[in-house]
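Numbers here simply count residues along the sequence, with the first being 1. Bear in mind the structure is a predicted one, so any value in this text is a computation, not a measurement.
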Amino acid sequence: MQAWQVHELGEPGEVMRLADVERPTPGEGQVLLRVRAANINFPDALMCRGQYQVRPPLPFTPGVEICGETEDGRRMIANPALPHGGFAEYAVADAAALLPAPDALDDAEAAALHIGYQTAWFALHRRARLEAGETLLVHAAAGGVGSAAVQLGKAAGATVIGVAGGAGKAAVARDLGCDVVIDRREQDVVAAVKEATGGRGADVIFDPVGGEAYAQSAKTVAFEGRIVIVGFASGTIPSPALNHALIKNYAILGLHWGLYNTKNPKLVQHCHEQLTELAARGAIKPLVSERVPLAGAADAVQRVADGVTTGRVTVLPSQENGAAA
C-alpha cells in the first residue's frame, strides 16, 4: 500500500515522503481499516516537527483522524494507532474506540467531525457550561476547530462573535453563522468586542491560538466569564496574570480532549451521540474547504501548519494505485 512516512523531524512539506510499505498488522484489540478520508489537524504538523506531546517512533505515518471502512463494510470514525496514521491507504485503530460515521455526512465530513468537534463540544459544554443567551467569542473562527466552535455555539443558542485574520477568513466566519465578525488585521479586537457587547464582554471565550489572542481574551471577558484554552496555534504560550483573573472575577479553563479517552471514555461516546444528532438535523456540518488526493497530503499538511487554510482539509486516499501487500 501507499503511505506517507516521516523519517526525520522538520517541516511537513520537507520531511513527509510517500512510499510503498506493508499494510499494518492489527495488534490485540485493534482492527484494520481502509482509509476512506483522513482529516488534517494541526497536531499532524506538530508531530512532524517533534513538537507535539505525542512523539511516535521514527518512521511514522501522520494522520490522527479518519473515516475508515471495516472488513465487513461499516463506515467508522477513528483515531489511528500511531505510528500507523491515517495518511495512507490502510490504518489500524483500537476497536473499542471506533465510532459510527453519521449517515448525514459524507466521508470527508465524517472524518472532520471527530477531534475538532469533540474538542469544541467539551470546551463549550463540559468545561465552560455555555448557556443559551450567552455571548461566545471564538478566536480563529474560520479554522478547523474554531469553525466547529462557531457552529456548536449557534446550536446552543449563544450569540457568537468570531475573530478571523483577513477578509477571506472573515467571510468564511460570517458564512458559518457568526453574529459579529472581527477581522483582527483591520480592527482593534478589544474595542470591537466591547462595542458589540455594550462594554460587558464575552461570557465564554474559545481560544485555540494563545499569544496575543489570549491577551485580548483577558481584556474582553465578562464578569464571571470563562476563557477556555484549547491550543496555541500562534506558537506562543501565554503566562496568565492570576491577579487579573482575581480582580475581574473570571475563570481560566484548560481543555485537553485526548484525556477523556482514558479518563472518561463514556463521555466521548456521549459527545459523539450529541454530535450525530446535531448533524442529522443539520445544526452542524463540518466545513471541508479542500479534498486532496493522497499524493497531495504533504503539501496540504504544510498549508495547515502555515495557517493559510480555512475549515478542514481532508485527504482522500485512492485504492487504484495502491500496491497489494
Quiz prompt | side chain to side chain contact (heavy atoms under 4.5 Å, CB included) between Thr159 and Leu136, worked out | solution = CA-CA 6 Å; Thr159 297; Leu136 167 66; over 6 Å; no

Self-check item: Evaluation steps, side chain to side chain contact (heavy atoms under 4.5 Å, CB included), between Phe42 and Val145
Solution: CA-CA 10 Å; Phe42 195 65; Val145 69; over 6 Å; no

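- More than 12 heavy atoms of other residues, nucleotides or ligands shown are found within 6.0 angstrom of NZ on Lys154.
- Ion pairing between Glu11 and Arg49 holds under the 4.0 Å rule for side-chain N and carboxylate O.
- Side-chain contact check for Arg75 versus Arg36: some heavy-atom pair is nearer than 4.5 Å.
- Side-chain contact between Leu294 and Val315 is present, with heavy atoms from C-beta onward closer than 4.5 Å.
- When the shell of 6.0 Å around CD of Glu195 is examined, it contains 12 or fewer heavy atoms from other residues, nucleotides or ligands.
- If you check the side chains of Gln151 and Tyr117, you find a donor sitting under 3.5 Å from an acceptor.
- With hydrophobic clusters built from ILVMFWY side chains whose heavy atoms lie under 4.5 angstrom apart, Val150 shares a cluster with Leu124.
- Across Asn41, Asn79, Asn39, a single residue satisfies side chain to side chain donor-acceptor pair (under 3.5 Å) together with His114, and that is Asn79.
- Looking at Glu89 and Arg34, no side-chain N of the basic residue comes within less than 4.0 Å of a carboxylate O on the acidic one, giving no salt bridge.
- Side-chain atoms of Gln274 and His272, non-hydrogen and from C-beta on, never get closer than 4.5 Å to each other.
- Side-chain atoms of Asn264 and Leu267, non-hydrogen and from C-beta on, do get closer than 4.5 Å to each other.
- In this structure, the side chains of Ser289 and Val313 come closer than 4.5 Å at one or more pairs of heavy atoms.
- Linking Ile, Leu, Val, Met, Phe, Trp and Tyr whenever their side-chain heavy atoms come within less than 4.5 Å puts Leu253 and Phe122 in one cluster.
- For CD of Gln53, the number of neighbouring non-hydrogen atoms (other residues, nucleotides, ligands) closer than 6.0 Å is greater than 12.
- In plain terms, the two heavy atoms of Gly85 and Ala88 that are nearest each other are O-CB, 4.1 Å.
- Cation-pi check for Arg23 over Tyr90 is met; the charged atom lies under 6.0 angstrom from the ring centroid and within 45 degrees of its normal.
- Side-chain atoms of Gln118 and Tyr260, non-hydrogen and from C-beta on, never get closer than 4.5 Å to each other.
- Listed here is the closest heavy atom pair of Gly210 and Asp207: N-OD1, 3.0 Å.
- The minimum heavy-atom distance linking Ser147 with Leu176 is given by the pair CB-CD1, 3.5 Å.
- A salt bridge does not link Arg291 with Asp107: none of the charged nitrogens is closer than 4.0 Å to a carboxylate oxygen.
- Atom CE of residue Met76 and atom CG of residue Leu33 lie 8.5 Å apart, to the nearest 0.5 angstrom.
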Exercise. Determine, step by step, whether Thr197 and Ile161 satisfy the side chain to side chain contact (heavy atoms under 4.5 Å, CB included) criterion, reporting the C-alpha distance in whole Å, the side-chain angles of both residues, the deciding distance to 0.1 Å, and the verdict.
Key: CA-CA 10 Å; Thr197 61; Ile161 301 173; 3.9 Å; yes

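- Residues Val35 and Gly86 approach most closely at CG1-O, 3.6 Å, considering heavy atoms.
- Nearest approach of Ala141 to Ala173, heavy atoms of both residues: CB-CB, 4.1 Å.
- The nearest pair of heavy atoms linking His84 to Pro80 is O-CB, 3.5 Å.
- Heavy-atom contacts from other residues, nucleotides or ligands closer than 6.0 Å to NZ of Lys248 number more than 12.
- Checked by atom type, the side-chain pair His244/Tyr250 shows a donor-acceptor distance below 3.5 Å.
- Val54 and Val230 fall within a single hydrophobic cluster, where Ile, Leu, Val, Met, Phe, Trp and Tyr side chains are chained together by heavy-atom contacts under 4.5 Å.
- At least one side-chain heavy atom of Pro102 sits less than 4.5 Å from a side-chain heavy atom of Ile77.
- Comment: Glu109 does not engage Arg312 in a salt bridge, judged by the lack of any side-chain N to carboxylate O separation of less than 4.0 angstrom.
- The closest side-chain heavy-atom distance from Val268 to Asn261 is below 4.5 Å.
- Both Leu82 and Leu18 belong to a single network of hydrophobic side chains, linked directly or stepwise wherever heavy atoms of I, L, V, M, F, W or Y lie under 4.5 Å apart.
- No chain of hydrophobic side-chain contacts below 4.5 Å, direct or via other Ile, Leu, Val, Met, Phe, Trp or Tyr residues, connects Met47 to Ile66.
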